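Below is one structure, written out as structure tokens; comments come after it.
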There are 2 protein chains.
Amino acid sequence: MWMEIDLQSDVPIYTQLVDQLIEGIASAQLKPGDPLPSVRSLAADLGINLHTVNKAYQILKQDGFLQVHRKQGVVVQPGGMPGADAAFRAKLERGIRSLAAEAAVRGMTEAEFAERSAAVYRQLMSKGEDAK
Amino acid sequence: MWMEIDLQSDVPIYTQLVDQLIEGIASAQLKPGDPLPSVRSLAADLGINLHTVNKAYQILKQDGFLQVHRKQGVVVQPGGMPGADAAFRAKLERGIRSLAAEAAVRGMTEAEFAERSAAVYRQLMSKGEDAK
DNA sequence: GTTTCTGTTATACTTATTATATAACAGATA
DNA sequence: TATCTGTTATATAATAAGTATAACAGAAAC
């Protein structure tokens, strides 16, 4: 599996999993309907606990990014991803504001900040250009 | 004082303080040399503990956004803010990537995402247009 | 010089979060 | 029936966050 975990990081393991899975979907490395490893096997692969993986899966299921069947296991949402609703827009604005404020204080202009945002978005999407 | 704290939020109080102070500096509501309330008075104002405020001040001092004198108390860094060094750029990239990935999955285009970033930056800066 | 304010440091304690460890249950498949 | 799946339930340990007191030392004001 292509996932990597940093046990020394200050960001929780389940958050790292959530982030990487969303990035995988965004870049189309994970396509709708694609199967994901079982909570037990992924936990074993990464050398972490079953519940840590399950917590990440639960969050993504709750947000509508994953679907769960009884025996097939976990799959990437086949029937259309959730849109940019009010809750997400609020979360997005908070996140951007925090980053933009420090960037501004450190001398980055609005244009630089916006360009950086576009560049990171672009780079992220280009990871899945080989259609996997 | 213009600070507000949400005790019900999942983001730590000291982080909320750090964010709001950086936003205040970014928007020039707090200008270089401006005095900040003492850890005791601000804690009393917000109904929180002295150490929670002190933790926020320590972080901002460590990053070079604040200066501390013995009796004058805490002031906004008078001698030029730190620049966008490698550490910050890495932190910025991580933060943007996480937000950009979810935005992309939810259907936001690169242009929309970049525009949103610019808009939030702009709105943030406009808060201090009345020169305080 | 004493008082008073400042940041700072040191303990101690409570609470919440994160992560792990086992165990068991129920649906689905071979 | 045996095996794999997600799921749930406990329990425990480690860390982070927040609070509560107390005390120290520098600096300014009386």
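Owing to the predicted nature of the structure, the values given are computational and were not obtained by experimental measurement. Below, chain A is the first sequence line, B the second, and so on; all start at residue 1.
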### Task
For the side chain of B:V39, starting at C-beta, report the closest nucleotide among C:dT8, D:dT19, D:dA17.
C:dT8

## Note on the structure
Taking D:dG6, C:dT6, D:dA22 as options, the one with an atom nearest any side-chain atom of B:H51 is D:dA22

### Task
Give a yes or no on whether B:L21 and B:I48 share a hydrophobic cluster (residues Ile, Leu, Val, Met, Phe, Trp, Tyr; joining criterion: side-chain heavy atoms under 4.5 Å apart).
yes

### Side-chain N,O (A:N54) to OP1/OP2 (D:dT7) below 4.0 Å
yes

### A:Y14 side chain near C:dT18 phosphate (N/O to OP1/OP2, under 4.0 Å)
yes

### Task
Send over the distance from B:L36 CG to C:dG7 C1', rounded to a whole Å.
13 Å

### Query
If you pin A:G47 and B:V74 to their nearest nucleotides in DNA chain C, which one's is more 5'?
B:V74

### Task
Nearest whole angstrom, please: distance from the C1' of C:dG7 to the CD of B:Q67.
14 Å

### Message
Check this one for me: any side-chain N or O of A:Q58 less than 4.0 Å away from OP1 or OP2 of D:dT7?
### Response
yes

### Query
Are A:K61 and D:dT7 close enough that a side-chain N or O sits under 4.0 Å from OP1 or OP2?
yes

### Task
Mind calculating the distance between CG (A:L66) and C1' (D:dT5) to the nearest angstrom?
15 Å

### Task
Return the value, rounded to whole Å, for the distance between atom CD1 of B:I5 and atom C1' of D:dA17.
14 Å

### Earlier contact from the 5' end, DNA chain D, for A:L50 and B:R40
A:L50

#### Entry: Atom pair CE (A:M108) and CG (A:L99), whose distance is rounded to the nearest 0.5 Å
10.0 Å

### Message
Please find the pair of heavy atoms, one from A:L17 and one from A:T52, that lie closest to each other, and give the distance.
### Response
CD1-O, 4.2 Å

### Message
OP1 or OP2 of D:dA17 versus the side-chain N and O atoms of B:K55: is any pair under 4.0 Å?
### Response
yes

#### Entry: Inter-residue atom distance A:L36.CG - A:Q72.CD, 0.5 Å rounding
14.0 Å

### Query
Roughly, in whole Å, what's the span from CG in A:N49 to C1' in D:dA14?
14 Å

### Query
What integer distance in Å separates B:I13:CD1 from C:dT17:P?
13 Å

### Query
Within less than 4.0 Å of OP1 or OP2 of C:dA19, is there a side-chain N or O belonging to A:T52?
no

### Query
Rounding to a whole Å, what distance do you find between A:D6:CG and C:dA19:P?
12 Å

### Message
Would you compute the distance between atom CD1 of A:I59 and atom CD1 of A:I22 and round it to the nearest 0.5 angstrom?
### Response
9.0 Å

### Query
Which whole-number value in Å describes the distance from A:L46 CG to C:dA19 C1'?
14 Å

### Query
Counting any heavy atom closer than 4.0 Å, what does B:Y57 reach on the DNA or RNA strands: base, sugar-phosphate only, or nothing?
nothing

